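Written out below as structure tokens is the structure these notes cover.
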Amino acid sequence: MALILCFILGSMFTGISSDVDSPGCGTNSVGFDYSTLPKGNNKRIVGGQIATPHSFPWMVALKYRGVFVCGGSLLKGSSNKWYILTGAHCLHGLVSSDLEVVLGAHDMSKNEPSSETIAIKQTMNHPSFNPITLEYDTGLMELAYPPQIQRPEINFGCVAASKPVSGATCYVIGWGTTSVESAPSDMLQVVEKPVMSQQTCESIYGTDYHNSSMLCAGYPQGGKDSCRLDSGGPLMCYQNSRMEIIGTVSWGFGCAEPNSPAVYASTLSTRQWVEKTINA
Ligand code: ARG
């Protein structure tokens, strides 16, 4: 059901050292220690908690004609070009002049002085993105001009080069709904999500699961999940002393149901394309 909902949404709205992991990425300036995040087993997003404001300063809200539709992450490209990593399904069929992103936000109900809204110059989807199967659901947007990166509330993210070690706790963030039928959350939410083995994901989703470009994450018993409007936002793991993005929210059946882990577009599988595109 969530899959269908997202889909309708998706189609309706339808430098110098430049790198996907340049120095300083994946860290925050508000003194938040990522190792204090819940480690699992344990309330939006589903089953999460309000994030410490600006502790994930690469997180952005994507708006289509002024309406919040997806999450995304700021990346630093070469030659002072800046990009947003998101889901290809968030961008499919949309024209860049209808899109804008809000950086440095925490509480969407307020007009926050920390936030900055920037127009989109162009969007690019992964060449192998398949809008039917959602394989390679990775998209990029180029910002119309550089963000105010000197603000403590804004920093760029890192795209992981390697898989998290097995059993690592990873996290997903978003302003999406706190259950299938509820409204989106004003405050950014964070929830822990263990990444499952490819074998487990395949056994649950069968031929809908394409392990070359997908990851699945969650608890067998459910209860903690991303949900509607979290699409495009980052799935991250704390490794190498920083938060590294390993995927973006892609699809799921319902939200936080037992035995229905959410499926994420693996940025491990699209990292080369991301790197090439943002450094072009
Ligand atoms: N495609 C959805 C969106 O529009 C995200 C669905 C995530 N679903 C889930 N059960 N985790 O935001």
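The structure displayed is predicted, hence computed values, not measured ones. For this chain, numbers begin at 1 and follow the sequence in order. Every number for a ligand or one of its atoms is a count from 1 in the order of the listing.
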**Item:** Validation row, ring centre F129 to ring centre H89 under 6.0 Å
**Value:** no
**Atoms in ligand 1 flagged as close to A262, the criterion being non-hydrogen separation under 4.0 Å** = 9 (C), 11 (N)
**Asked** By number and element, which atoms of ligand 1 are closer than 4.0 Å to a non-hydrogen atom of R228?
**Response** 12 (O)
**Asked** Is a side-chain donor or acceptor of Y209 paired with a backbone partner of M214 at a separation under 3.5 angstrom?
**Response** yes
**Fill in**
The atoms of ligand 1 lying under 4.0 Å from a heavy atom of G254, numbered in the order shown, are 9 (C), 10 (N)
**Request:** Just jot down the ligand 1 atoms closer than 4.0 angstrom to any heavy atom of C255, in number order.
**Result:** 10 (N)
**Item:** E257 near ligand 1 by a heavy-atom separation under 4.0 Å
**Value:** no
**Request:** Please work out which of the three classes, parallel, tilted or perpendicular, describes the rings of W175 and F68, given edges at 30° and 60°.
**Result:** perpendicular
**Request:** Check step by step if side-chain contact (heavy atoms from CB on, under 4.5 Å) holds for D225 and V191.
**Result:** CA-CA 7 Å; D225 203 359; V191 73; over 6 Å; no
**Request:** List every atom of ligand 1 that sits less than 4.0 Å from any heavy atom of D225, numbering the atoms from 1 in the order shown and giving each element.
**Result:** 9 (C), 10 (N), 11 (N)
**Intermediate values then yes/no, salt bridge (Lys or Arg N to Asp or Glu O under 4.0 Å), E142 and K121** = CA-CA 5 Å; E142 185 187 339; K121 182 170 173 193; 3.7 Å; yes
**Item:** Enumerated ligand 1 atoms positioned under 4.0 Å from heavy atoms of L229
**Value:** 3 (C), 4 (O), 12 (O)
**Asked** Could K76 and F156 be counted as a cation-pi pair, given that NZ or CZ must be under 6.0 Å from the ring centre and within 45° of the axis?
**Response** yes
**Item:** Numbered atoms of ligand 1 (with element) below 4.0 Å of V249, judged on heavy atoms
**Value:** 5 (C), 7 (C)
**Request:** Examine Y205 together with F253 and report whether their ring centres are nearer than 6.0 Å.
**Result:** yes
**Prompt:** Does ligand 1 have a heavy atom under 4.0 Å from the side chain of S260, from its backbone, from both, or from neither?
**Reply:** neither
**Asked** What part of S250, side chain, backbone, both or neither, has a heavy atom within less than 4.0 angstrom of ligand 1?
**Response** backbone
**Message:** Show the atoms of ligand 1 that are less than 4.0 angstrom away from any heavy atom in C227.
**Reply:** 5 (C), 6 (C), 7 (C), 12 (O)
**Prompt:** CZ of R271 to CD1 of I245: how many Å apart, nearest 0.5 Å?
**Reply:** 11.0 Å
